[in-house]
Structures are given as C-alpha cells and as structure tokens.
Amino acid sequence: MVTEVGRVCVKLAGHEAGKRCVIVEVIDRTNVLIAGPGVKRRRCNIAHLEPLPQKLGITEGATDEEIKRALEAVGAGGAVG
C-alpha cells in the first residue's frame, strides 16, 4: 500500500466508512494522519484505508482548507458512489 502525504484514500472502517480522505502525515509503519471533507482529522491505521490513484500536491500537515481546495481541483471530494 502506498502511504505518502497527499494520497487520496477511501475509509473502509468506522462511521466515516465510504468517505474520501487524504493522508496528511505519515506517523509510523501502520498509522497515518488523515483529513478530508466529512472526515475528522485523526490518526488512522492504514489497514482501514484503500488508496486511490489520485495524489494531491499538498505539504505535510496541510490545513483542512488546503485539502478542500486541492480535492475540488481534482474533483475527488465527497463520498464514493
């Protein structure tokens, strides 16, 4: 699994399952910090994420506003399907 800052993913578990998010920071081998529209900024196990082909040009620790603008620019916001 590709775990890099800016990678767009879909949450697979939890009450935010099915929503798209972005990796904001890599914490360790199994955990990342995610954020996105409708997804609270939080630590997440990479086993609970499915990476998508899109990668945003954001820097580590990007603000929620920067993430929202970048997602809108590539048309990758919101829930899946």
Side-chain angles (χ1 to χ4, degrees):
M1 178 183 285
V2 179
T3 54
E4 58 188 340
V5 172
R7 178 66 55 194
V8 179
C9 300
V10 175
K11 287 259 321 191
L12 299 176
H15 68 278
E16 296 166 334
K19 297 215 176 162
R20 294 183 192 223
C21 59
V22 178
I23 297 175
V24 179
E25 183 181 329
V26 177
I27 297 170
D28 57 34
R29 281 188 7 211
T30 58
N31 293 286
V32 293
L33 184 68
I34 60 166
V39 177
K40 185 177 176 183
R41 185 176 292 248
R42 68 177 73 219
R43 177 186 202 131
C44 182
N45 189 306
I46 60 173
H48 299 163
L49 298 174
E50 177 164 339
L52 298 176
Q54 297 103 342
K55 182 174 183 294
L56 305 180
I58 61 170
T59 58
E60 186 171 332
T63 65
D64 290 342
E65 187 58 37
E66 290 171 331
I67 293 167
K68 182 179 175 186
R69 280 195 308 264
L71 282 170
E72 288 172 353
V74 297
V80 176

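Sequence positions, counted from 1, serve as the residue numbers for this chain. Not measured: the values here are computed from a predicted model.
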J.: Can you tell me if E16 uses its side chain to pair, donor with acceptor, with the backbone of K40 under 3.5 Å?
T.: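 Present.
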J.: Using 0.5 Å steps for rounding, measure from the CG atom of L71 to the CZ atom of R20.
T.: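 The CZ atom of R20 is 9.0 Å from CG of L71, to the nearest 0.5 Å.
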J.: Looking only at heavy atoms, which two atoms of H48 and C44 are closest? And how far apart?
T.: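 Closest approach of H48 to C44: CB-SG, 4.0 Å.
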J.: Could you measure the distance from the CZ atom of R41 to the OG1 atom of T63? Nearest 0.5 Å is fine.
T.: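 So the gap between those two atoms works out to 7.0 Å.
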J.: What distance do R7 atom CZ and I58 atom CD1 have between them, rounded to the nearest 0.5 Å?
T.: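 R7 atom CZ to I58 atom CD1 measures 11.5 Å (nearest 0.5 Å).
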J.: Taking all heavy atoms of I34 and all of V39, pick out the closest pair and write down the distance.
T.: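 Looking at all heavy atoms of both residues, the closest pair is CD1-CG1, 3.9 Å.
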J.: Is the number of heavy atoms from other residues, nucleotides or ligands under 6.0 Å of K68 NZ greater than 12?
T.: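 Incorrect, the count does not exceed 12.
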J.: Looking only at heavy atoms, what is the nearest atom pair of D28 and N31, with distance?
T.: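 Smallest heavy-atom distance, with atoms named: OD1-N, 2.8 Å.
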J.: Could you tell me the separation between the OG1 atom of T59 and the CD atom of E66, rounded to the nearest 0.5 Å?
T.: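 CD of E66 is found 5.5 Å from OG1 of T59.
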J.: CD of E60 to CD of E4: how many Å apart, nearest 0.5 Å?
T.: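 Between atom CD of E60 and atom CD of E4 there are 12.5 Å.
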J.: How close do I27 and V32 get, counting heavy atoms only, and between which atoms?
T.: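 So the two residues come closest at CD1-C, 3.8 Å.
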J.: Would you compute the distance between atom CG of L49 and atom SG of C21 and round it to the nearest 0.5 angstrom?
T.: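 L49 CG to C21 SG: 5.0 Å, rounded to 0.5 Å.
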J.: Taking all non-hydrogen atoms of both residues, which atom of I67 and which atom of A62 are closest, and how far apart?
T.: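 Distance-wise, the nearest heavy atoms are CD1-O, 4.0 Å.
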J.: Taking all heavy atoms of C9 and all of P51, pick out the closest pair and write down the distance.
T.: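 What the structure gives for the nearest pair is SG-CA, 3.8 Å.
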